[in-house]
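The structure appears right after this line, and notes come after that.
Residue numbering restarts at 1 for every chain, and letters A, B, ... go by the order of the sequence lines. What you see is a predicted model, and the numbers here were worked out from it, not measured in a lab.
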Amino acid sequence: MTVLEQPGAYRPAPPPAWRPRTDAAPLLPDEEPFRVLGTDADIHDLDPLLLTELYRQLVRGRRYNQQATALTKQGRLAVYPSSTGQEACEVAAALVLQDRDWLFPSYRDTLCAVARGLDPVRALTLLRGDWHTGYDPAEHRIAPLCTPLATQLPHAVGLAHAARLKGDDVVALALVGDGGTSEGDFHEALNFAAVWRAPVVFLVQNNGFAISVPLAKQTAAPSLAHKAVGYGMPGRLVDGNDAVAVHQVLSEAVAHARQGGGPTLVEAVTYRIEAHTNADDATRYRGDAEVQAWREHDPVELLERELTARGLLDDAGKRSAREAAEEMAADLRARMNRDPQLDPMELFTHVYSEQTSQLREQAAQLRAELDAEEETR
Amino acid sequence: MTVLEQPGAYRPAPPPAWRPRTDAAPLLPDEEPFRVLGTDADIHDLDPLLLTELYRQLVRGRRYNQQATALTKQGRLAVYPSSTGQEACEVAAALVLQDRDWLFPSYRDTLCAVARGLDPVRALTLLRGDWHTGYDPAEHRIAPLCTPLATQLPHAVGLAHAARLKGDDVVALALVGDGGTSEGDFHEALNFAAVWRAPVVFLVQNNGFAISVPLAKQTAAPSLAHKAVGYGMPGRLVDGNDAVAVHQVLSEAVAHARQGGGPTLVEAVTYRIEAHTNADDATRYRGDAEVQAWREHDPVELLERELTARGLLDDAGKRSAREAAEEMAADLRARMNRDPQLDPMELFTHVYSEQTSQLREQAAQLRAELDAEEETR
Amino acid sequence: MTAVAAEAATAPARKPATMAQALNRALRDAMAEDPAVHLLGEDVGALGGVFRITDGLAKEFGEDRCTDTPLAEAGILGTAVGMAMYGLRPVVEMQFDAFAYPAFEQLISHVSRMRNRTRGAMPLPITVRVPYGGGIGGVEHHSDSSEAYYIATPGLHVVTPATVPDAYGLLRAAIASDDPVVVLEPKRLYWSKDDWNPEAPETVPPIGRAAVRRTGTSATLVTYGPSVPVCLEAAEAARAEGWDLEVVDLRSLVPFDDETVCASVRRTGRAVVVHEATGFGGPGGEIAARIGERCFHYLDAPVLRVTGFDIPYPAPMLERHHLPGVDRILDAVGRLQWESGWTEGSAR
Amino acid sequence: MTAVAAEAATAPARKPATMAQALNRALRDAMAEDPAVHLLGEDVGALGGVFRITDGLAKEFGEDRCTDTPLAEAGILGTAVGMAMYGLRPVVEMQFDAFAYPAFEQLISHVSRMRNRTRGAMPLPITVRVPYGGGIGGVEHHSDSSEAYYIATPGLHVVTPATVPDAYGLLRAAIASDDPVVVLEPKRLYWSKDDWNPEAPETVPPIGRAAVRRTGTSATLVTYGPSVPVCLEAAEAARAEGWDLEVVDLRSLVPFDDETVCASVRRTGRAVVVHEATGFGGPGGEIAARIGERCFHYLDAPVLRVTGFDIPYPAPMLERHHLPGVDRILDAVGRLQWESGWTEGSAR
Ligand SMILES: Cc1ncc(C[n+]2csc(CCOP(=O)(O)OP(=O)(O)O)c2C)c(N)n1
Ligand SMILES: Cc1ncc(C[n+]2csc(CCOP(=O)(O)OP(=O)(O)O)c2C)c(N)n1
Ligand SMILES: [Mg+2]
Ligand SMILES: [Mg+2]
């Protein structure tokens, strides 16, 4: 099917031949973010295994954030952008994907990669500072953690498009922040995705801030999800601290993409509980009251409270979740406390498939320097 | 008023404190493009002087396009991107502005500058190829004709914002094509404009093509005007060949901006009757039938027919409009047939406010070469 | 039958072809050979590109293999990155030099670094075709020589053909490379013709090898792309002045062929670097510096540069004053201190 | 009272200040003097910038003068163009070197060309502040030395301070200039301290003048920005080897101070160019080429370069191997052919 044959293709003709176009109404988000926890929704319908898994991963995710923060204070990480408070998004995004699907995380989303099964030490390589990426993206179907904002979004579109062209049943899920939605790459990626009907889901974690800049200085839109209609894709708004709601909305979007329905933009409303990174001083731009209000809407507690109240979680379950998390943390701590072994000569190894003569000369220079250093030691 | 105090500022709070946000409904465009000509609308309400002026300018604009095309065939212009068929947009955009307002045209919009009062020879300087801009932008409140697509849009936003900060009553109107809406700069400009509530009007001339690429490959949106809601500004859809309708919609948008209401996105649905430029071969990507359908919805004829039917235009009026257009064309022809006088040394004059020593050396080299050339002549 | 005649009989017929045709042919052959090769760009489909380099390819291989994208250069290159991550070999067309600038973040921060970032796990075999340079009477933004930006970006290969066979060969080599390659296509040579046999295309040259286009003994002109024919013309004109100039066509700026350049300069003892790009911070500085570093004791005169002036590219009516022409090259050759008492070509 | 004592009595008190403080002071003084000066950037408001260079300015001058923009670098620079067109003097902060890339199209196609495009009618007095360079343990994209891109773009001035007073002076000069100026701020020198009197700031140096930071006779180190302190350290260390090195701090890459550089090299007869940016296609090529062109007969050895390797900037744990350090500089000095038989500093 060529683009021109797609339903709803916008081909203006002079009046009176003006053609019917895509109906905008179904693309618009609801007024209020979709919620499940604390509402009348019947979560007994949901797979209990899923609820348990969500819970265990949230507990583990929170512990991971704490451990990574602690390692940063001990100088074991160069920097850590914590996702504390955003665990519901991070975990749900990981769980909605099939093994063959691809994840496109930003620098803040190491937890999502870990929840997907990536070894935490590998996930943290970038932030420890021994190399830029600690894993083989193709092996894990996890793109490198992306630092230049929103630049990973067109990658996700291209990959999803390529998979579809090859006839593979692959969906790409890309994460971006509220601040990232202002970048041109966000716009271009969403537009390409919609025109190509690529199987992509864009998840905006709207955590209220881009470093110090509050959302009101970032956009005047009714919501970020409203941007979707301008690309001709559905926009969905969800409570980002409600793991069940996020999982449900993302699952639907993934299924829609898988069935050839094209991309979806999901805005998850959440909050960054910690400072932007350990290097940031959040007291300069926000008050405690706001943080406190969000702490009371904590994603881990929300789920725990609800599952407990509904009799789906008991003390043993909680304990077991916490023990698993502690185990992960202890292992992470132990392994991160060992210095990584690095070979400086690797600086020249991966720039090109074959070293240029220029790089060979430079490598020889470094080799000589290292040898001399060795000698004087 | 700081951004945070603006009505509708999007500041998510955790449920149940979720705040009311901007209402999306009033920002969405109508289903059908707004039209006046050929409808039941009572155009007798409109200022007859305005109708006459629109008509005379449309006739003059059509003649201008023809003359410029002819000059191109004669080698007097390096290239000409014709706005034949789009005269209603070009002319209306010029007429809605006050003298103190600013216009931000693209390469296709020399006619808009001319309709605003700029000497056609100066408007065509870029396309003749003697210099990049033939006029002082500040003198005419017309930014240089912009070639890199959509890059002029943030300029318009910045200028309008600066004027508002200075307390000046100035509106900026920026023109862009349907293809240009896909660029990141379009997105960033509209977002800045909305966040800053800058007095800007964005007019997208949707002429169905970006060179050879039809709209359906450019966007999957219900309409380009639907993009507005994603920025929190109103989107308006108008029949771009209906000069009265375009004038009305733009006037409202300009008034809205002037009153501090912020930016508007206007999509005018029109058609590029000629090839992209004289260098393009439109038969490679579109059929005659489509062109013919649009020829029958010609902006000059639409207005002429309606004004005549309503007794607002007689033969004398038509003749007078045509004579004025011929006069402009004759003058343009005569003046464009003279070779411009150029001093190659000017290449070094305007790079910096003061010539660097590097440029002085290079200027001396060219001077010597020119002198030697002169001698051997 | 003489040996020459025998060769002529078996060698396939060579006939004139333009550089545009050779590039088109290279794309077609690459697409036919490897289904992973996909073209992306503005107007590359039905129109065949504004320079017709992709003419007929959408028809032959379908719109999914030769795709008119939305109008957004960062989006084009960014999606190409994703396609390459999934195993395709995207070939991206930037419509004109200056319209590649919006894609610079994708190019610098991702295309050039992905392999290194992932310790070699994620190579990006992307070809970025950029029609570049002036001399075509183009209005503003249609004549930039932007190679300085590309060569200063480690992780990219940068090649630029000056002949019809090289256009074919370098583009094939670029597409075949597992590294990202920027192919700078000198747009004013698109319609240049060469005798060339498209049925038996010349061997694809390895990326990184310069070619000596003319041998000479007095001095070396080091150049590339659109300036190669100008230098050859200058070399012809120089004979009248008694100079026998060697002309080196770099073909590849990254990697750089130090060997060929230095061998030539060491023999001639003098060098002029010629290119259209702005002089200050342009490739000529790098080239002259390398020659200075590596051939110092062979040089009888400073390495001079003949380049575009340090100004924004001029409007069509003035561009001839900006472009390095034969006279300006000969003038520089004349300043190579022929009377300074050192013997030509002698090592010191 | 001796003359020296008298001078000390009247001279205002000098006290230690960091480069970050000097830059902050420059912005504040410029904003206080001229209401047309507006700051724009990501996090420049309440936070005072991630490096605190704009600390307190939003509070002092209001959010309309020091504005947190949406997160979009092309938008920031593009709106600054419009503001400058209306008579303001925008000062734009790019948060880190690599995050200026999305703004390159605006920079190259508009900021650098608007004056020339309009025959001087529309100057753009825009200052673009770019914290640049490595050595701070930053993860990917936070340590690029991107000066090659800026200096290859005619129409821009490019300056970079290495001392606290110069940071103040060059930033003031940039803001006062009617031309667009890119101010490359060496981020690892932000916390460097100098004795400096903020109450009586040193005269604002004219853009385009280099400074001789250390006089010497054996060879000249030509450098700028973050590499200046490293070169001074190397020069100290070189004394032990019997070399007396001169250190020239360029301060301004565009325009380039040929006079100061050539005067030094002609005196010493030897030169090493030092910078952190990638070598190939980096500023060092231009600098070495200029020295070769202009000082050929004074040179006793080839002009050498000590630069970052031709690789993407390394991860924090490996960056020390990439950065030009004292040893690498001394090694290059040692290769300046001291035993080759030419007498030091002699003109040939
Ligand atoms: C292109 C680019 N510009 C600037 C930055 C610097 N920066 C890093 S994170 C950040 C804020 C991002 O905010 P948001 O997108 O909301 O994500 P969050 O940090 O809240 O997860 C900024 C400005 C960057 N990484 N990339
Ligand atoms: C950034 C950029 N990319 C590509 C081009 C080349 N180009 C010139 S006009 C054009 C098509 C523009 O289409 P549209 O925006 O619809 O405007 P129209 O020509 O129809 O008025 C293209 C691709 C350009 N000028 N700028
Ligand atoms: Mg955020
Ligand atoms: Mg169009």
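Interface residue D:P102: backbone and side-chain heavy atoms are both found under 4.5 Å from chain C. Heavy atoms closer than 4.5 Å to chain C are found in both the backbone and the side chain of D:S109. If you measure heavy-atom distances from D:Q106 to chain C, you find no contacts under 4.5 Å at all. C:S146 does not touch chain D: none of its heavy atoms, backbone or side chain, sits under 4.5 Å away.
Atom CZ of D:F280 and atom CG of C:L253 lie 6.5 Å apart (nearest 0.5 Å). Between the OG1 atom of C:T278 and the CD1 atom of D:I151 there is a distance of 11.0 Å, given to the nearest 0.5 Å. Once rounded to the nearest 0.5 Å, the distance linking NE2 of C:H141 with NE2 of D:H110 reads 5.5 Å. Distance CD/C:Q337 to NE2/D:H297: 3.5 Å, rounded to 0.5 Å.
The minimum heavy-atom distance between C:Y101 and D:I108, with the atom names listed, is CE1-CG2, 3.4 Å. Of all the heavy atoms in D:A288 and C:A289, the pair that sits closest is CB-CB, 3.8 Å. The nearest pair of heavy atoms linking C:E286 to D:G281 is OE1-N, 2.8 Å. Contact between D:A152 and C:Y149 at its shortest, heavy atoms only, is O-OH, 3.9 Å.
In this structure, the side chains of C:R305 and D:R290 come closer than 4.5 Å at one or more pairs of heavy atoms.
By number of non-hydrogen pairs under 4.5 angstrom with chain D, the leading residue of C:R294, C:R117, C:E73, C:E147 is C:R117. The residue among C:T153, C:V273, C:I291 with the most heavy atom pairs within less than 4.5 Å of chain D is C:T153.
Between D:E293 and C:R335 no salt bridge is recorded (no basic side-chain N to carboxylate O distance below 4.0 Å).
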